[in-house]
Amino acid sequence: MREALQQRLETALQACYATGVLTSGVAPEVQLEVPGNPEHGDFATNLAMMLARAERKAPRQVAEALVTALGDGEGMWRKLDIAGPGFINFTLAPLAWYRVLNDIHRLDGRFGCCDAGAGRKVQVEFVSANPTGPLHIGHGRGAAVGDTLCRLLAAAGWNLTREFYYNDAGAQIGNLALSVQARCLGIEPGDERWPADGYQGEYIKDVARGYLAGEKVDAGDQHVTAAGDPQDLDAIRRFAVAYLRREQDQDLAAFDVRFDVYSLESALYTDGKVDAVVRQLIASGHTFEQDGALWLRTTDFGDDKDRVMRKADGSYTYFVPDVAYHLDKWQRGFQRVINEQGADHHSTITRVRAGLQALNVGIPQGWPDYVLHQMVTVLRGGEEVKISKRAGSYVTLRDLIEEVGRDATRFFFLMRRSDAQLVFDIDLAKQQGNENPVYYVQYAHARVCSINRNAAEQGVALPAAGEVDLDGLTLDEELALTRLLARYPEVVAGAAEQLEPHRLAFYLQELAAAFHSYYNRQRVLVDDPAVSRARLLLVNAVRIVLGNALGLLGMAAPERM
RNA sequence: GCGCCAGUAGCUCAGCUGGACAGAGCAACGGCCUUCUAAGCCGUCGGUCGGGGGUUCGAGUCCUCCCUGGCGCGCCA
């Protein structure tokens, strides 16, 4: 529809040049937008305003020339206006819109999908929590944003790989092992023998109990049986990592978040990929030694200071395996990689990209992409819940899902742009009333299903694509609802393109509102069977789109509530 | 001090990558259930888009300088 209009505008412009009504000969790109105000028609173009300067005429004068050249459009539009500073507004014939209802029924679950990705490979890494404790609410936001991003990219035709990276090596894992060992030995936080940067959370006690009891843990391809010996720090470490990884996997499964590939930091060491990348960086000439450490001159690539790669004690800082990991992603053929992570780690971006540039292996500048999410604060009873990671007091994702439910949790995480801070109001999320937008959108879906049940009782068959005389739809609100449905594919494409999953949540609320309003004003099942069937076609198109959008958000579309 | 992200209605936030009088939800107030689910609908109230300059036919949106809040600035991740 948009393309057809663009075509006609270009033809009209050329006609103006041919007749000499317009003289500049410039051909700007024809932009068509959907106006927010329905009085401004279905599509609007600013073409006349873009030409005005070159033509040295008032925009409205240019617009008049174009409108004359456009003619009647052979019935495509009902009305053409020149408005405001020089917009040309197209009001299309209703039938042109109603045809989309047949498209929706024909495509069903695939309505909204497109082929923008053209089957190209993209990898999305998200959550990537350290296996040192349970997933907290911040990880939950990362999981919701990352997962919906994945679903969006898949819907947009990308060949998607979902990946989780475990930082199961390094200093913090050492702290974890020491903390579990301390608990095994009955040492409490506060005791002078308690490790300096130990994890104090209650869950450490559970790990210690499991270890002493000789428990067996399966997590991914890791299978660990506890040695039970409190002196064997290495065995404790292996057990603790597997134990906490299993916990995280369970929580993510409960959140309906799954991954295709799990990558372990420790494997980068054992496979020699870390050493290899260090050798390459040294060979690149971007490193130097100072104070007993090996440094990477990241300032060569826009960082504000150089960074230590290998510490004086011989171990590597975290970003070295990160660089090795991302080189590995590149070598696996992912020309597009998106990392979803918390904004508190945004300083890694410059470092990882600098390391990859230093390797000089043809990785483009600015690769990979990042989507950052800002902090989440928790509100309960109107009070902010204080979070202390060291003391281990924080809201876990597991608690959240159990308390407010998976759907509400996911929706709340996606109700805001990811780079805006989020206040998670637990009381509101739990509420089953009209203040809670989660049920508002699901209720709209359930209502259509309810109409369908009534139709079945009355022996009215649900219409399929192309079976209905669209003349049964005559009301302004039916046209408005249809136009909203027609916009859905653009919403999906835009959200995938801009990596902004929250757009779906807003669209969903808008569509639900339009449907609820229609439902309250008009009956679907009326005496006139032609009208009933046309309306059934319309409301079931709403049902399909609601279901598709809820699916992209990882939420259920209930048939009754 | 430097970097990143924010500052839009009383509150929480959108604003489609510059367009036509700035929107929604909640809160407040007033209405609507003998008809497909009232977890719903309709109406009223409410904003100098943090502030100053600039670019543009046109700026909440772009540039610049200030102010405020959050995060980061480690041989932690």
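Note: hydrogens, waters and symmetry copies are ignored here, and every other heavy atom, side chains too, is used. Model, not experiment: these values are computed from the prediction. Letters A, B, ... are given to chains in the order of the sequence lines, protein chains preceding strands, and every chain is numbered from 1.
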Worksheet item: On a whole-Å scale, what distance lies between the C1' atoms belonging to B:A20 and B:C32?
Response: 35 Å
Worksheet entry | Residue A:Arg523, side-chain heavy atoms: nucleotide from B:G19, B:U35, B:A39 that is nearest | B:U35
Worksheet entry | Given B:A38, B:G72, B:A14, the nucleotide with the shortest approach to the side chain of A:Asp344 | B:G72
Practice prompt. Take atom P in B:C42 and the same atom in B:C26, then report the distance between them in whole Å.
Written response: 11 Å
Discussion item. Regarding A:Arg487, tell me which of base, sugar-phosphate or nothing describes its non-hydrogen contacts under 4.0 Å with the strands shown.
Written reply: nothing
Discussion item. Tell me whether the side-chain N/O atoms of A:Arg307 come closer than 4.0 Å to OP1 or OP2 in B:G74.
Written reply: no
Practice prompt. Between B:C36, B:G72, B:G40, spot the one nearest the side chain of A:Asn520, thanks.
Written response: B:G40
Discussion item. Given B:C76, B:A39, B:C36, identify the nucleotide with an atom nearest to the side chain of A:Tyr439.
Written reply: B:A39
Response to the item:
Looking only at B:C75, B:G40, B:C5, the nucleotide nearest the A:Ala312 side chain is B:C75
Worksheet item: Between the base of B:G72 and the side chain of A:His345, is there a donor-acceptor distance below 3.5 Å?
Response: no
Worksheet item: ring pair (Phe, Tyr, Trp, His ring centres under 6.0 Å) with A:His516: which residues, sequence neighbours excluded?
Response: A:Tyr440, A:Tyr443
Worksheet item: Between B:A77, B:G19, B:C71, which nucleotide has the shortest distance from any of its atoms to the side chain of A:Met375?
Response: B:C71
Practice prompt. Inspect the contact between A:Asp328 and A:Lys273 and indicate whether a charged nitrogen and a carboxylate oxygen are less than 4.0 angstrom apart.
Written response: yes
Worksheet entry | CA sep, side-chain torsions, deciding dist, call: A:Tyr166, A:Phe164, ring pair (Phe, Tyr, Trp, His ring centres under 6.0 Å) | CA-CA 7 Å; A:Tyr166 282 106; A:Phe164 191 117; 4.3 Å; yes
Worksheet item: What integer distance in Å separates A:Arg521:CZ from B:A38:P?
Response: 16 Å
Discussion item. Closest-nucleotide mapping onto RNA chain B: is A:Met49 or A:Asp291 further toward the 5' terminus? I mean the 5' end.
Written reply: A:Met49
Fill in: Among B:C36, B:C5, B:A14, the nucleotide that comes nearest once only the side chain of A:Ala420 is considered
B:A14
Worksheet item: Would A:Arg351 and A:Tyr318 count as having a side-chain donor-acceptor pair, cut-off 3.5 Å?
Response: yes
Item to complete: Mark yes or no for a side-chain to base donor-acceptor pair under 3.5 Å between A:Tyr318 and B:A77, with no hydrogen or angle criteria applied.
Response: yes
Item to complete: Determine the interatomic distance between P on B:U61 and the same-named atom on B:G50; round to the nearest Å.
Response: 8 Å
Fill in: Complementary nucleotide for B:G1 - Watson-Crick or wobble, under 3.5 Å
B:C73
Fill in: Nucleotide nearest A:Arg417 when distance is taken to its side chain, options B:A77, B:A6, B:G40
B:A6
Item to complete: State whether A:Lys329 and A:Glu125 are salt-bridged, where the test is any N-O pair (Lys NZ or Arg NE/NH1/NH2 against Asp/Glu carboxylate O) under 4.0 Å.
Response: yes
Worksheet item: Does OP1 or OP2 of B:C41 have a side-chain N or O of A:Tyr440 closer than 4.0 Å?
Response: yes
Worksheet item: Would one find a side-chain N or O of A:Lys311 under 4.0 angstrom from OP1 or OP2 of B:G74?
Response: no
Worksheet item: Hey, is the side chain of A:Asn46 pairing donor to acceptor with the base of B:G19 inside 3.5 Å?
Response: yes
Discussion item. Is there a side-chain contact between A:Lys305 and the phosphate of B:G74, meaning an N or O under 4.0 Å from OP1 or OP2?
Written reply: yes
Worksheet, complete the sentence: Of A:Asn454 and A:Ser418, the one whose closest nucleotide on RNA chain B sits nearer the 5' end is A:Ser418
Worksheet item: What is the base-pairing partner of B:G7, counting Watson-Crick and G-U wobble geometry with both distances under 3.5 Å?
Response: B:C67
Fill in: Presence of donor-acceptor pair under 3.5 Å, side chain of A:Asn89 and base of B:A20
yes
Discussion item. Any base atoms under 4.0 Å from A:Tyr519, or only sugar-phosphate, or nothing? Heavy atoms, all strands.
Written reply: base
Practice prompt. Can you figure out which of B:U12, B:C75, B:A20 approaches the side chain of A:Arg416 most closely?
Written response: B:U12
Fill in: Integer angstrom distance from the P of B:G10 to that of B:G54
29 Å
Discussion item. The side chain of A:Val423 is closest to which nucleotide in this list: B:U12, B:U17, B:G3?
Written reply: B:U12
Practice prompt. Write down the distance separating the C1' atoms in B:C57 and B:G43, rounded off to the nearest Å.
Written response: 39 Å
Item to complete: Enter syn or anti for the glycosidic conformation of B:C62, syn applying to angles within 90° of 0.
Response: anti
Item to complete: On the 0 to 90° scale, with breaks at 30° and 60°, tag the A:Trp77-A:Phe90 ring pair as parallel, tilted or perpendicular.
Response: perpendicular
Worksheet item: Just checking A:Tyr443: base, sugar-phosphate only, or nothing, at a heavy-atom cut-off of under 4.0 Å?
Response: base
Discussion item. Quiz question: by atom type and distance under 3.5 Å, do the side chains of A:Ser24 and A:Glu55 form a donor-acceptor pair?
Written reply: yes
Discussion item. Strictly below 4.0 Å: does A:Thr350 bring a side-chain N or O up to OP1 or OP2 of B:G3?
Written reply: no
Practice prompt. Remember a base hit wins even if backbone is also touched, and classify A:Ala446 as base, sugar-phosphate or nothing at under 4.0 Å, heavy atoms.
Written response: base
Worksheet item: Who is the Watson-Crick or G-U wobble partner of B:A22, with both distances under 3.5 Å?
Response: none
Discussion item. With a 4.0 Å limit, can you tell me whether A:His502 has a side-chain N or O closer than that to the phosphate oxygens OP1/OP2 of B:G15?
Written reply: yes
Worksheet item: When you check the gap from the basic side-chain N to the acidic O, do A:Arg535 and A:Glu478 get nearer than 4.0 Å?
Response: yes
Discussion item. Distance check, C1' atoms only: B:U12 and B:A27, in whole angstrom units.
Written reply: 11 Å
Worksheet item: Base, sugar-phosphate, or nothing: which does A:Gln172 touch, judged by heavy atoms less than 4.0 Å apart?
Response: sugar-phosphate
